[in-house]
Amino acid sequence: MTRQKIEIKKIDNITARQVTFSKRRRGLFKKALELSTLCDAEIALIVFSATGKLFDYSSSSMQQVIERYSFHSENPDKLRSQPSVDALECERNKYESLRIELEEKTIELRHMKGEELQELSLEQIKELEKKVETGLSRVTKTKDQRVVKEIGFLKKKV
């Protein structure tokens with residue numbers, strides 16, 4: 001069965017409209033990801049549903065893309081006259097923010113592994129303990145589900 005061309009107009013049925021919105025939003029986000037990946041483009045996509053719910057996608061930092069957009073919309077002549085300087089500054093900012101994020105995540109990972117805990121306060125250690133317990137319970141739950149699934153599969157096989 002082939003796809004039929006539809007008339008582009010507002011869908012009257014609220015349920016059908018919501019379903020169409022969800023499917024097309026996912027497709028739009030998928031296309032944005034593909035464009036970003038294939039062409040190394042920086043993309044920020046913001047969508048508000050009819051109910052006011054926010055959906056967003058960004059190939060990098062949403063804040064950085066919006067700041068870059070604001071800069072270029074306020075200074076349209078700068079885009080043409082100095083693209084390499086602006087691009088270099090943007091890349092430096094991106095590099096610096098990614099470097100800081102990497103350092104923070106590395107420290108967080110060490111803490112999760114139980115390393116370098118002496119620098120944490122008692123409250124931070126309690127918060128870390130909660131995170132570890134939550135993660136452990138999720139891992140245990142997933143493991144139990146897979147074991148039950150495997151037992152069921154083996155029973156069917158026998």
Does the side chain of E150 come within less than 4.5 Å of F153's, by heavy atoms?
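The answer is yes; the side chains approach within 4.5 Å.
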Would you mind reporting whether Q124 and S121 have side-chain heavy atoms less than 4.5 Å apart?
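Yes - at least one pair of side-chain heavy atoms lies under 4.5 Å apart.
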Assigning hydrophobic clusters by single linkage (Ile, Leu, Val, Met, Phe, Trp, Tyr; side-chain heavy-atom cutoff under 4.5 Å), is [X] placed with [Y]?
X	Y	value
I66	V47	no
L120	I107	no
L28	L33	yes

Under 4.0 Å between a side-chain nitrogen and a carboxylate oxygen: does that hold for E91 and K94?
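Salt bridge between E91 and K94, a charged N being under 4.0 Å from a carboxylate O: yes.
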Can you tell me if [X] uses its side chain to pair, donor with acceptor, with the backbone of [Y] under 3.5 Å?
X	Y	value
R17	D12	yes
E133	K130	no
T37	E34	no

How long is the span from the [atom1] atom in [X] to the [atom2] atom in [Y], to the nearest 0.5 Å?
X	Y	atom1	atom2	answer
Q18	T51	CD	OG1	6.5 Å
E89	F71	CD	CZ	9.5 Å
F48	D56	CZ	CG	9.0 Å
T106	E101	OG1	CD	10.0 Å
T140	Q145	OG1	CD	11.0 Å
R25	K30	CZ	NZ	14.5 Å

Where is the tightest heavy-atom contact between F55 and F21, given as atom of each residue plus distance?
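Answer, listing the atom of F55 first, then F21: CE1-CE2, 3.7 Å.
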Any idea which heavy atoms bring L117 and H111 closest together, and the distance?
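Shortest heavy-atom separation between L117 and H111 comes out as CD2-O, 3.7 Å.
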Take a 6.0 Å sphere around [atom1] of [X] and say whether it holds more than 12 heavy atoms from other residues, nucleotides or ligands.
X	atom1	value
I14	CD1	no
D40	CG	no
R24	CZ	no

Please enumerate all residues that pass side-chain contact (heavy atoms from CB on, under 4.5 Å) together with S59, with sequence neighbours excluded.
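Once residues adjacent in sequence are excluded, the partners of S59 under the side-chain contact (heavy atoms from CB on, under 4.5 Å) criterion are S36, E42, I43, Y57.
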Working note: L128 + V132, criterion side chain to side chain contact (heavy atoms under 4.5 Å, CB included); need CA distance, chi angles, decisive distance, verdict.
CA-CA 6 Å; L128 179 62; V132 171; 4.3 Å; yes
So M62 and I46, side chain to side chain contact (heavy atoms under 4.5 Å, CB included) or not? Walk me through it.
CA-CA 9 Å; M62 178 69 77; I46 302 171; 4.1 Å; yes
Report the C-alpha separation of E103 and R99 in whole Å, then their side-chain angles, then the decisive distance to 0.1 Å, and conclude whether the salt bridge (charged side-chain N to carboxylate O under 4.0 Å, His left out) test is met.
CA-CA 6 Å; E103 286 176 8; R99 186 187 62 73; 2.4 Å; yes
